[in-house]
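Letters A, B, ... are given to chains in the order of the sequence lines, protein chains preceding strands, and every chain is numbered from 1.
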Amino acid sequence: MTRELPTGFVPADIEAPLYKKWLDAGYFTADAKSEKPPFAIVIPPPNVTGSLHIGHALDHTLQDTLVRMKRMKGFETLWLPGMDHAGIATQNVVERQLAAQGKSRHDFGREEFVKKVWDWKAESGGAILGQMKRLGDSVDWSREAFTMDANLSRAVLTIFKRLYDQELIYRAERIINWCPRCLTALSDIEVDHHDVDGEFVQIRYGRDDDENQIFIATTRPETMLGDGAVAVNPNDDRYKHMIGKTVRLPYVDRMIPIIADELVDPEFGTGAVKVTAAHDPNDFEMAVRHGVPMIIIMNEHGVMEGTGTKFDGMDRFDARRAVVEELRKDGLLGWEKRPYSHSVGHCSRCQTIVEPRLSLQWFVKVAPLAKAAGDAVRSGKVKISPTEMEPRYFEWVDGMHDWCISRQLWWGHRIPVWYGPDGEVKVLGPDEVAPEGWTQDEDVLDTWFSSALWPFSTLGWPDNTDDLKKFYPNSVLVTGYDILFFWVARMMIFGLFAMDGKQPFDTIVLHGLVRDKFGKKMSKSKGNVVDPLEFMDKYGSDALRFSLARGSNPGADQALAEEWIGGARNFATKLWNATRFALMNGATVDGPLPEFSSLNAIDKWILSRLNETIAEADQLLESFEFAKASELIYHFAWDDLCDWYLELSKDAFQKGDAAATKRVLGHVLDQLLRLMHPIMPFITEELWTTLTGQESLVIAAWPVSDAKSIDKSAEKIVAQLQEVITEVRRFRNDQGIKTSQKIPGRLVVPAELAPYAAGAEFLLKMENGEFTPSAKFEIGAIRAEFDLTGSIDVAAERARLNKDLATAEKDRATATAKLGNEGFMAKAPESVVVEIRERLAKCDQDIERIKAQLASLPA
RNA sequence: GGACGAUUGGCUCAGCGGUAGAGCACUUCCUUGACAUGGAAGGGGUCACUGGUUCGAUCCCAGUAUCGUCCACCA
């Protein structure tokens with residue numbers, strides 16, 4: 001046995017070479033022709049502008065864990081990487097660069113600008129891909145995809161046409177969310193609502209000498225210039241007599257009707273609402289119902305335009321101030337509430353206040369598609385883990401408005417609609433060419449349109465490729481709950497539509513967000529953002545991965561602090577040293593494992609614990625319980641294996657009489673490293689290949705729990721041994737005996753523990769030989785006795801024993817009370833009663849033992 | 001206004017009808033023959049509050065309070 005490990009574990013020394021080894025061996029490349037059952041995951045495509053943040057690190061750790069486990073289980077695994085072209089985000093990046101040179105995209109024109117974006121991508125895009133390699137992602141790079149790739153664009157065109165032909169895509173004038181900075185429409189979910197301090201003012205319409213006057217209330221006074229009506233509730237007695245009459249709109253000096261609509265809440269404001277059809281979605285609805293004119297009063301930059309008043313040319317917020325001032329001067333204001341906190345939509349990309357605006361845009365008719373997406377989950381065809389997230393999904397899927405998919409950008413999939421010279425409209429499929437003289441729609445599609453096709457566009461759809469046949473539907477989708485609506489629900493919608501009702505994935509696994517150590521959201525302004533790359537440099541990728549996995553409870557956010565990762569690094573070091581110890585002492589994986597029944601209790605015990613851990617960890621990982629699986633493995637490795645088994649084995653190794661132990665230890669490590677590999681791929685690979693001399697753990701078999709090697713009685717007797725050892729240690733500690741000081745003593749153990757008795761004595765620094773026992777601990781068949789004549793602090797020892805006695809007596813009293821309780825005895829399950837009886841018996845034993853010890857103390 | 005969740009030791013979180021758990025932090029001891037990125041021993045919690053169900057509630061039910069997230073057309 002010549003295998004050796006360096007003394008210290010230096011992650012940086014092993015990670016890059018191992019990743020290269022894996023790539024060279026082609027372990028991550030999927031074979032669509034394989035006979036093995038498939039297991040496929042697509043990566044949530046990061047933005048091409050992005051770099052790896054801690055959220056990706058979590059997301060990828062969980063996916064890689066599943067993929068690596070499935071690969072070891074014999075599945076043909078495909079984990080497909082790629083990126084999203086990220087329309088607005090990417091265009092913004094390039095435009096900012098141009099702005100720095102004092103230019104805008106319009107200086108270049110569409111074609112030239114788009115080329116510049118591609119250049120930018122080639123040069124600076126995709127930084128995240130290299131960072132994924134550092135993390136160890138076992139993705140199939142040969143299938144790397146980009147939403148703007150030719151074949152993925154074909155998928156976009158194909159599905160657009162299909163939807164259009166089935167009248168599920170239409171063009172219409174609607175109120176949409178408009179960002180006056182990005183100069184594009186936004187879908188509902190690209191708008192963030194938060195409260196801002198604004199104003200709420202009462203404005204009188206109608207002059208003194210007019211027939212009618214009415215007070216309306218608004219938070220956006222400047223929009224009065226575009227009013228087409230005033231609406232009241234039909235049952236509002238205050239205004240009933242005015243319905244159908246007209247009132248004069250100040251400044252614009254236009255007579256507008258007073259209409260009645262149920263939408264108006266008589267309790268709110270003045271009970272009378274101005275109707276600005278072109279700049280408010282509710283008003284638009286009412287206007288449609290009542291035929292109210294829709295007057296656009298702002299241009300695309302949010303500057304007042306076309307009102308025919310002196311406010312034209314003012315920015316919308318300047319106009320607001322100016323209008324209020326003017327109204328006040330003219331005595332047309334009633335009460336003014338200021339500040340008035342209310343919810344206002346902001347562009348999720350740049351935080352500019354969104355302007356609802358009447359505009360001609362393209363929409364996806366969502367209702368029929370979303371119905372199918374909801375039903376797929378309701379019927380159980382697609383599972384959401386954890387199930388608590390289902391209500392959120394249904395809420396959105398069942399109530400989704402039509403999806404505005406056109407964006408006034410240049411970077412993205414251009415809408416494949418062409419207009420003929422005589423106003424004809426034609427939607428072109430991927431291989432169709434527009435007739436001479438026709439022009440294409442100027443807009444591009446929402447970025448999420450192409451991401452929604454990701455589970456099948458990356459597999460070659462619309463062609464019926466081998467990849468598609470083998471790997472669709474994907475097995476699971478792992479992502480943060482924060483993009484459940486943006487992305488997941490839309491993949492469901494399009495997947496079911498495009499693939500004839502076949503779901504894009506079988507299970508949706510939602511994890512939480514990574515927050516700072518106090519559970520606060522990470523944000524640049526708070527300065528609590530952490531960089532996963534920095535952590536990988538400092539502690540190794542395995543440490544980062546392990547702490548992320550260990551913190552990931554289903555659907556729940558996790559707090560992360562640098563100390564946690566340091567702790568995980570310590571764990572990695574522990575494993576390293578344990579394996580080093582094993583190798584130094586001749587642990588081996590060669591030859592068959594000794595017959596279980598021939599082993600002593602300690603060897604049986606560690607095998608038993610190993611097999612229990614394997615069974616449980618496997619079950620936890622299969623149910624996406626990453627935190628619990630990690631925790632379980634951690635405690636088995638550290639507590640059972642390192643703190644007990646290795647410590648107890650030292651003496652046997654020292655004496656060179658440990659053939660069975662060498663083989664058992666080799667086996668336990670072998671299996672443990674396999675079990676941990678999905679979560680900590682680098683260190684396990686290094687240790688395992690050194691231990692076994694085999695090629696790679698990536699393609700090794702996943703451990704299977706051997707039920708025949710689970711032995712509860714061995715576990716019980718080892719637990720007793722541990723208890724005795726702990727008792728003695730506590731006693732020594734209480735007596736102030738130094739850890740290194742030897743005391744005369746011995747352990748008396750049953751035969752099945754005999755090979756380890758000396759090891760236990762070694763742990764306790766017991767010196768076997770001639771002595772008169774002066775202290776004794778006895779649990780079950782295990783007895784520890786030692787001689788401390790002259791060195792015992794009698795008073796302290798008596799106090800300690802008395803305390804223990806009191807505790808034991810109190811416990812006995814509770815147990816006795818329970819057994820004497822008729823209600824309890826009538827209803828408690830048998831197992832509970834047995835447990836309490838055992839507890840009572842143990843109390844009796846303890847009390848007797850403690851009393852004996854007290855009696856043996858010198859007076 | 002709805003939906004979901006949270007409230008457990010200093011911090012972050014598990015647990016969940018039957019004597020309160022982990023990691024980190026803390027105290028004391030130990031450079032012992034893999035590991036001081038370590039080992040041993042220990043301190044610390046009326047499980048948010050109030051009622052109810054039960055032989056028994058941290059756990060189930062109802063309500064209260066505080067916090068978080070998501071959704072929603074409060075002009």
Side-chain angles (χ1 to χ4, degrees), chain A residues 5 7-9 175 189 193 200 216-220 223 231 263-265 267-270 272-276 280-285 342-343 356 388-392 394-396 399 401 481-482 484-485 512-513 515 517-519 521 539 543 547 550-551 553 555-561 563-564 566-585 627-628 631 634-635 642-643 646-647 650 653-654 726 729-734 736-741 762-763 765 810-811 814-815 818 821-829 831-833 835-836 839:
Chain A
L5 283 170
T7 348
F9 168 45
I175 296 279
I189 52 176
H193 290 271
F200 193 35
I216 58 91
T218 182
T219 55
R220 304 178 57 203
T223 61
L263 200 63
V264 180
D265 176 4
E267 304 294 319
F268 193 82
T270 62
V273 185
K274 57 199 281 307
V275 180
T276 320
D280 182 280
N282 290 323
D283 293 4
F284 176 79
E285 258 181 56
H342 63 128
S343 175
E388 290 81 49
M389 289 290 175
E390 280 181 8
R392 281 192 190 190
F394 290 136
E395 188 181 357
W396 195 74
H401 294 169
Y481 62 72
D482 53 328
L484 183 61
F485 305 138
L513 275 30
R515 325 195 81 147
K517 96 183 254 195
F518 300 111
K521 206 168 184 167
Y539 303 105
S547 39
R550 192 180 186 184
N553 283 112
D557 291 349
Q558 64 171 298
L560 184 78
E563 302 96 277
W564 294 201
R569 186 269 319 266
N570 296 355
F571 178 48
T573 308
K574 190 76 179 170
L575 281 174
W576 183 272
N577 284 308
T579 308
R580 207 159 64 87
F581 171 84
L583 290 168
M584 280 165 54
N585 287 289
K628 288 183 183 69
E631 187 75 4
Y634 175 91
H635 283 292
C642 293
D643 286 347
L646 292 187
E647 292 300 335
K650 279 181 180 172
F653 283 134
Q654 198 69 16
T726 304
R729 282 171 165 167
R730 188 180 299 145
F731 177 83
R732 287 182 52 128
N733 198 62
D734 289 347
I737 301 164
K738 302 224 174 200
T739 319
S740 55
Q741 185 189 331
F762 171 75
L763 286 188
K765 289 279 173 285
K810 198 178 130 214
D811 288 352
T814 11
K818 278 213 169 141
N821 182 326
E822 280 173 37
F824 170 75
M825 293 307 282
K827 297 193 180 169
S831 60
V832 174
V833 176
E835 195 184 305
I836 292 176
R839 195 186 304 154

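Across all strands shown, rU12(B) pairs with rA22(B); the Watson-Crick or G-U wobble distances both stay below 3.5 Å. Base pairing of rU69(B): its partner is rA3(B), meeting the Watson-Crick or G-U wobble criterion (both donor-acceptor distances under 3.5 Å). The partner of rU58(B), taking Watson-Crick or G-U wobble pairs whose two distances both stay under 3.5 Å, does not exist in any strand shown. If you check rA36(B) for Watson-Crick or wobble pairing at under 3.5 angstrom, you find it has no partner at all. When both pairing distances are held under 3.5 Å, rG43(B) makes no Watson-Crick or G-U pair with any nucleotide shown. Across all strands shown, rU31(B) remains unpaired; no Watson-Crick or G-U wobble contact has both distances below 3.5 Å. The nucleotide rG63(B) finds its pairing partner in rC49(B), both defining distances of the Watson-Crick or G-U wobble pair being shorter than 3.5 Å.
Ring pair Phe581(A)/Phe653(A) is perpendicular by interplanar angle, where above 60° counts as perpendicular and below 30° as parallel.
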Worked verdict on Phe762(A) versus Gln654(A) for side chain to side chain contact (heavy atoms under 4.5 Å, CB included): CA-CA 11 Å; Phe762(A) 171 75; Gln654(A) 198 69 16; over 6 Å; no
Stepwise side chain to side chain contact (heavy atoms under 4.5 Å, CB included) check, Lys818(A) with Val833(A): CA-CA 9 Å; Lys818(A) 278 213 169 141; Val833(A) 176; over 6 Å; no
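When heavy atoms are screened at a 4.0 angstrom cut-off, Asn553(A) is found touching the sugar-phosphate backbone but no base atom. Residue Thr579(A) is out of contact with every strand shown, counting any heavy-atom pair closer than 4.0 Å. Nucleic acid contact class of Ala578(A) (heavy atoms, under 4.0 Å, all strands): base. Counting non-hydrogen atoms under 4.0 angstrom, Phe518(A) reaches the backbone sugars and phosphates but no base. No contact: Gln558(A) has no heavy atom under 4.0 Å from any strand. Across all strands, Leu646(A) comes closer than 4.0 Å to base atoms (heavy-atom distances).
One C1' atom belongs to rU58(B), the other to rG45(B), and the distance between them is 11 Å to the nearest Å. When the P atom is compared between rA22(B) and rG63(B), the two are found 35 Å apart, to the nearest whole Å. Comparing the P positions of rG15(B) and rG5(B) gives a spacing of 14 Å, expressed to the nearest Å. rA20(B) sits 14 Å from rG44(B) when the P atoms are compared, rounded to a whole Å. A gap of 16 Å separates the C1' atoms of rG18(B) and rC47(B), to the nearest Å. Of the P atoms belonging to rU54(B) and rC61(B), the separation is 16 Å, rounded to the nearest Å. The same atom, C1', is picked in rG68(B) and in rA48(B); the two are 15 Å apart, to the nearest Å. rA25(B) and rG42(B) have their C1' atoms separated by 15 Å, with the value rounded to a whole Å.
Considering only side-chain N and O atoms, Lys738(A) lies under 4.0 angstrom from the phosphate OP1 or OP2 of rC30(B). Between Asn577(A) and rG38(B) there is no side-chain N or O to OP1 or OP2 distance below 4.0 Å. Remark: Arg730(A) is not in phosphate contact with rA41(B), judged by side-chain N or O atoms under 4.0 Å from OP1 or OP2.
Residues Asp811(A) and Glu563(A) each lie close to RNA chain B; by heavy-atom proximity, the contact nearer the 5' end of the strand is made by Asp811(A). Nearest-nucleotide assignment on RNA chain B puts the 5′-proximal partner with Lys517(A), out of Lys517(A) and Glu647(A).
For the pair Arg515(A) and Lys521(A), the tightest heavy-atom approach, listed with the atom from each and the gap, is NH2-CB, 3.5 Å. What you find for Ala627(A) and Gly551(A) is that their closest heavy atoms are CB-C, 4.3 Å. Closest approach of Met389(A) and Leu484(A) over heavy atoms only: O-CD2, 4.3 Å. When all heavy atoms of Gly519(A) and Ala559(A) are compared, the pair lying nearest together is N-CB, 4.1 Å. In terms of heavy atoms, Trp564(A) sits closest to Ser547(A) at O-CB, 4.1 Å. Nearest approach of Thr7(A) to Trp576(A), heavy atoms of both residues: O-NE1, 3.8 Å.
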Its contact letters, B for base, S for sugar-phosphate only and - for none at protein heavy atoms under 4.0 Å, make nucleotides 66-75 of chain B read ---BSB-BSB
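Not one N or O on the side chain of Asn733(A) forms a donor-acceptor pair closer than 3.5 Å with the backbone of Arg729(A).
A donor-acceptor contact under 3.5 Å links the side chain of Lys574(A) to the base of rC35(B). Scanning atom types as modelled, no donor and acceptor separated by under 3.5 angstrom connect the side chain of Glu388(A) and the base of rA3(B).
Closest to the side chain of Ala556(A), out of rA41(B), rA14(B), rA34(B), is rA14(B). When each of rA3(B), rA40(B), rU37(B) is scored by its nearest atom to the side-chain atoms of Thr573(A), the top-ranked nucleotide is rU37(B).
Computed from coordinates, the Leu560(A) CG to rC13(B) P distance equals 11 Å when rounded to whole Å. Here rA36(B) presents its C1' atom at 14 Å from CG of Asp643(A), a figure rounded to the nearest Å. Put simply, CZ on Arg839(A) is 7 Å from C1' on rG18(B), counting in whole angstrom units.
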